[in-house]
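Numbers restart at 1 for each chain; the letters A, B, ... are given by sequence-line order, proteins then strands.
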Amino acid sequence: MSFLKRIEIPIILFAIGSLLPLIDYYTGNLSIQASELLSWIVILVTFSYLIGVVNLFRYHLNNIRRGRDIYYSILIIGSFLFYLAIAYLNKGVYDWIFSTLYTPLSVAISSFVGFYTYTVFLRGARLKSPTAVLLLAVTIVILLYNTPTIRALSPQLITVGDWIKNVPNTGAYRGILIGMGISMIVLFMRAIIGRERSYLGGG
Amino acid sequence: MILAGKKFELILTVVCIALAYLYMKGAERRAPRYRIRKFPALEAIDEAVGRAAEMNRPVHYSTGIGGTDDQYAPMTLSGLAILGRVAEACGRAGVYLRYTTPRAYLVPVAQDILKAGYTKSGNPDMYSPDMVYYVGEYQTAFMTSVMGYILRERPAVNMIFGATLWETINQLGAGAIAGCIQLGGTPRLYYIPIMICVCDYLLIGEELYVAGAALEGTPGSIGYFRGQDLFKILLIVLFILAAAASTAGFNLIGYLSTW
């Protein structure tokens, strides 16, 4: 097997890349090397965009060849090439397209979040189990707790809402957070010693 | 030379790592004594992929907005570990798996994982590099691309394991409208309630990080869980000591964190 294809190489690179900033964090001794490493990451990530562009073009050119979703694919390739060209040819048009076309479309799409949050809430509110009933009850209390009029009319609701937020909610939140921190350390250690290999493709 | 205020942190980290490592090494001998509880979300992968095969519809998978060059790296790594298992299941069932990512450098990684999964399951011809789709680095592009795919192609299963931000609400919402079986997992606390509402099976918090080891199921990975349990015992002891010291008027954690 070629030396560069050996599975140990990415594991060693991962270990060096992870340990260098860690040593710098605790000792402050390898700050130059750690900051150099971070610069390399930025450069590598920037170059990786080329991989993305190749993937995008191959996917859509294959679609056009097979006659599948052909209009979407032509539109995306056309937009990409047009916008790339305009970035070099006319900066004013480039900015104009970004501010008058991309930004409003992006904001409009993002505003779907409100609609989908209600959809998700309604799906979660279907009473299928005692836990779902509890979830619904707590949600209603917190919803009322955050409504100024209800808060003004019922001071008891503030006490109940505060208790839910500060006791069961914070307790569960911190429990999950501590468990996550521990798991993250163990995952990191597992990856450094080469036990976690599934992300490398070998299973 | 250790920086001031970081000695305790370093000692705790080194002790934790050493304990986990020792447990992993010794676990092969003791493995039959330990059992890991089952994770319904991981158990459901085969069932969900089987349903996709029956319906002759694809499976969609995403590791969320996170990459491996940011603070979300552990979540993304765990998501990729599950991707390998899903690819294997899809290969066995002859189902098309589509992986969508907003990170360009994950394209070759995911292609390799998918190729290995389909090859391992004895169906290498089914694999195509087009199964991995890059959508651009922007959150909006990622969100709309996944929503569009789900509503157009109507995959039977939608899985999101990894770092999730607000785009997940829309993606899972679209999945719910398309009638997908939804499997999710994230340690991102703000999005866990959303996933609880809309996913059929879910990995909460740390469960995602241990997914790789749980799927592996080897004696070494059982040791990994034991090591983790030991951390928790160590921390509980520390909490009790800190609470007792605090009640007695001595700020133990404050003292240790300035050490």
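Using a 4.5 Å cut-off between heavy atoms, A/I76 touches chain B through its side chain atoms alone. Using a 4.5 Å cut-off between heavy atoms, B/I169 contacts chain A through both its backbone and its side chain. Neither the backbone nor the side chain of B/E167 comes within contact range of chain A; no heavy atom of the residue lies under 4.5 Å from a heavy atom of that chain. Within the 4.5 angstrom heavy-atom criterion, atoms from both the backbone and the side chain of B/I177 approach chain A. Of the two parts of B/L235, only the side chain, counted from C-beta on, holds a non-hydrogen atom closer than 4.5 Å to a non-hydrogen atom of chain A. Neither the backbone nor the side chain of B/Q182 comes within contact range of chain A, judged by heavy atoms closer than 4.5 Å. Only the side chain of A/I178 has a heavy atom closer than 4.5 Å to any heavy atom of chain B. With a 4.5 angstrom heavy-atom cutoff, B/Q111 touches chain A only via side-chain atoms. Of the two parts of B/M75, neither the backbone nor the side chain holds a non-hydrogen atom closer than 4.5 Å to a non-hydrogen atom of chain A. For a residue to count as touching a neighbouring chain, one of its non-hydrogen atoms must lie under 4.5 Å from one of that chain's; by this rule B/P129 touches chain A with backbone and side chain alike.
The distance from atom CD1 of B/I82 to atom CD1 of B/I45, rounded to the nearest 0.5 Å, is 6.0 Å.
Under a 3.5 Å cut-off, the side chain of A/N55 and the backbone N or O of B/V132 do form a donor-acceptor pair.
Taking a 6.0 Å sphere around OH of B/Y138, one finds it holds 12 or fewer heavy atoms contributed by other residues, nucleotides or ligands.
Interface summary for chain B: among A/F115, A/F188, A/Y72, the most heavy-atom pairs under 4.5 angstrom belong to A/Y72.
Ring pair A/Y83/A/Y94: centre-to-centre distance below 6.0 Å.
Geometrically, B/R98 does not engage B/Y61 in a cation-pi contact, judged by NZ or CZ lying under 6.0 Å from the ring centre and within 45° of the ring axis. The cationic atom of B/R103 (NZ for Lys, CZ for Arg) does not lie both less than 6.0 Å from the six-membered ring centre of B/Y72 and within 45° of the ring axis.
Residue B/L172 comes nearest to B/C199 through the heavy atom pair CD2-SG, 4.0 Å, listed as atom of the first residue, atom of the second, then distance.
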Evaluate the side-chain hydrogen bond (donor to acceptor under 3.5 Å, both in side chains) criterion for residues A/N62 and B/D130: first the C-alpha distance (whole Å), next the side-chain angles of each, then the deciding distance (0.1 Å), finally the verdict.
CA-CA 9 Å; A/N62 278 343; B/D130 285 352; 2.7 Å; yes

